[in-house]
Protein chains: 2
Amino acid sequence: MKPDLTHAAQRCPVLSKARPDTRKLLVESASLRRLDRSDSLFLHETHADQCFVIVFGWIKLYRILPNGSEAIIRMHTAGETLAFADCLRDGQHQTGADAASEATVLCIPAALLREAIASDPDFGRILLTNSFDQIDSLNEQLESLKCQTAIQRVGCFLRRHARLREGRLVVLLPFEKGLVASYLGIKPESLSRALGRLKGHGVRSGREEIEISDPAALDALIHDDAGSLAYTG
Amino acid sequence: MKPDLTHAAQRCPVLSKARPDTRKLLVESASLRRLDRSDSLFLHETHADQCFVIVFGWIKLYRILPNGSEAIIRMHTAGETLAFADCLRDGQHQTGADAASEATVLCIPAALLREAIASDPDFGRILLTNSFDQIDSLNEQLESLKCQTAIQRVGCFLRRHARLREGRLVVLLPFEKGLVASYLGIKPESLSRALGRLKGHGVRSGREEIEISDPAALDALIHDDAGSLAYTG
DNA sequence: CGCCCTCTTGAACCAGTTCAAGCGCAGTGG
DNA sequence: CCACTGCGCTTGAACTGGTTCAAGAGGGCG
């Protein structure tokens with residue numbers, strides 16, 4: 001295995017659980033690609049002949065809307081897989097994918113992926129489990145979009161991306177705020193105002209870095225009154 | 001196979017593609033359950049020892065929010081599978097499930113599902129493909145919630161559920177409007193007003209049945225200006 | 001310095017919610 | 001048979017969260 005990929009493979013739920021020889025097959029025959037911000041990884045509705053594991057950075061999945069602008073469907077980061085579904089169905093990419101930050105991805109030829117599945121019966125199981133986990137995460141996003149206000153969604157986003165760093169709980173924004181906004185289903189202006197309003201709820205937002213100074217206060221805001229849009233049958 | 005299940009199995013993407021003996025195994029050993037509206041199929045965070053194929057009717061997946069109301073995550077209907085993921089991971093149900101209308105479901109013991117996967121290597125592949133399709137559909141829902149207005153979402157919902165019936169394009173509302181609203185991420189009042197506004201765009205809404213008299217007009221509304229919330233990076 | 005790009009801020013506007021009232025219909029009981 | 005009641009749906013009026021449009025601040029870079 002290429003030395004710089006060992007760590008990446010450990011972070012990846014699919015590769016790390018795969019049988020060593022399967023992992024070796026996938027990683028050794030794959031190529032590594034570096035992307036700058038806004039470089040394109042693949043285009044919507046093109047034939048899927050490669051799938052990807054993100055080693056580093058962020059990739060956005062998007063679709064072009066009738067009016068020409070792009071809808072951000074999902075954001076993916078290190079360890080996550082891309083386009084496995086498109087490859088296995090031997091079809092077209094369901095979305096486009098661009099780098100949202102500097103990024104490195106492992107590019108696995110579709111044939112290799114099929115070979116791994118054919119030769120390692122457990123590997124299919126691993127993919128299935130991974131795919132179930134993705135469905136869970138999508139269900140949560142749906143719930144969040146349907147039942148939370150923009151400010152609560154911003155709060156959840158911050159909590160999810162916060163990391164301990166020298167004793168402080170900090171969010172290093174992984175990509176532009178405009179993109180964060182779009183991912184959350186709001187406009188950049190609204191995100192800006194939301195961050196402003198969160199200052200009263202345990203959040204200190206600087207440029208490039210946001211600190212959660214009072215996680216409890218933020219959690220209270222997130223959970224309080226969540227469900228103003230819920231079904232009361 | 002029980003005679004009344006042949007048709008149901010054909011409608012189900014998972015069962016219909018499975019090897020005949022696998023299908024037989026699953027269907028014959030499963031039990032059939034009838035549900036009235038609002039009967040519970042399983043509860044959130046209970047152990048998943050059965051999975052389900054919907055034979056008839058609608059099932060809603062929901063989660064109880066901190067404030068006690070319920071968030072509608074997804075709606076499922078005939079042919080669709082439920083809780084396969086929860087069973088295979090041998091875990092708890094990720095959501096609760098209630099009948100949203102009268103419904104009939106095929107209840108498959110978890111052990112049986114595992115047996116099918118173990119004895120039929122293709123069956124895992126079929127589940128994987130099915131799970132990929134679900135992810136696609138969830139991606140589309142996310143896109144819709146992020147980039148479309150409530151009225152456009154209502155329009156899409158109508159198009160998706162419209163069926164030709166005696167030459168007219170008709171939507172028989174599968175369940176209460178309050179539930180439709182919640183599924184679409186809006187309040188019942190807003191759904192009511194949306195249907196009112198759609199009257200000017202090729203939709204005639206009566207009680208229990210909505211007719212799409214001018215599909216082209218409706219489509220125009222749906223696509224026109226879609227993406228007011230999109231990312232313009 | 002000047003240009004570009006991202007982010008912020010303000011004011012007007014609009015979509016969708018909230019609250020409250022009323023309607024239509026099914027079920028119930030007199 | 002009809003009043004009573006309960007529930008789902010609609011409608012109206014006031015309100016709020018988020019958008020829109022426009023202007024300005026701040027930073028990076030040639």
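A, B, ... follow the sequence lines: proteins, then strands. Residue 1 opens every chain.
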Notebook entry, point to check: Got a second to check how far T95(B)'s OG1 is from K60(B)'s NZ, nearest 0.5 Å?
Noted result: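 Answer for the OG1-NZ pair, T95(B) versus K60(B), is 11.5 Å.
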Margin query: Regarding E209(A) and R168(A), does a basic nitrogen lie under 4.0 Å from an acidic carboxylate oxygen?
Written below: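 Judged by the 4.0 Å cut-off on N to carboxylate O distance, E209(A) and R168(A) do form a salt bridge.
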Show each protein N/O and nucleotides 7-14 of chain C N/O combination with a separation under 3.5 Å, one pair to a line.
from: dC7(C); atom 1: OP1; to: K177(A); atom 2: N; distance (Å): 2.8
from: dC7(C); atom 1: OP2; to: G178(A); atom 2: N; distance (Å): 3.4
from: dT8(C); atom 1: OP1; to: K177(A); atom 2: NZ; distance (Å): 3.0
from: dT8(C); atom 1: OP2; to: S192(A); atom 2: OG; distance (Å): 3.0
from: dT8(C); atom 1: O5'; to: S192(A); atom 2: OG; distance (Å): 3.1
from: dG10(C); atom 1: N7; to: R193(A); atom 2: NH1; distance (Å): 3.0
from: dG10(C); atom 1: O6; to: R193(A); atom 2: NH2; distance (Å): 3.1
from: dA11(C); atom 1: N6; to: R193(A); atom 2: NH2; distance (Å): 3.3

Check: Tell me: CG of L145(B) to P of dA15(C), nearest whole Å?
Finding: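 Interatomic distance, CG of L145(B) to P of dA15(C): 18 Å.
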Notebook entry, point to check: Given atom CD of Q148(A) and atom P of dG18(D), what is their separation to the nearest angstrom?
Noted result: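 Going from Q148(A) (CD) to dG18(D) (P), I get 11 Å.
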Please report, to 0.1 Å, the donor-acceptor pairs under 3.5 Å made by any side chain of residues 40-56 of chain B, with sequence neighbours excluded.
from: H44(B); atom 1: NE2; to: Q94(B); atom 2: O; distance (Å): 3.2
from: T46(B); atom 1: OG1; to: L43(B); atom 2: O; distance (Å): 2.6
from: H47(B); atom 1: NE2; to: D90(B); atom 2: OD1; distance (Å): 3.4

Check: Are F84(A) and R89(A) close enough, and set up right, to give a side chain to side chain contact (heavy atoms under 4.5 Å, CB included), and what steps lead you there?
Finding: CA-CA 9 Å; F84(A) 275 49; R89(A) 287 182 293 196; over 6 Å; no
Item checked: K187(A) side chain, from C-beta outward: closest of dG18(D), dT6(C), dT20(D) ->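 Output: dT20(D).
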Next item on the list: With sequence neighbours left out, write down each residue that passes salt bridge (Lys or Arg N to Asp or Glu O under 4.0 Å) with D214(A), or none if nothing qualifies.
Entry: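 So D214(A) forms no salt bridge (Lys or Arg N to Asp or Glu O under 4.0 Å) with any residue.
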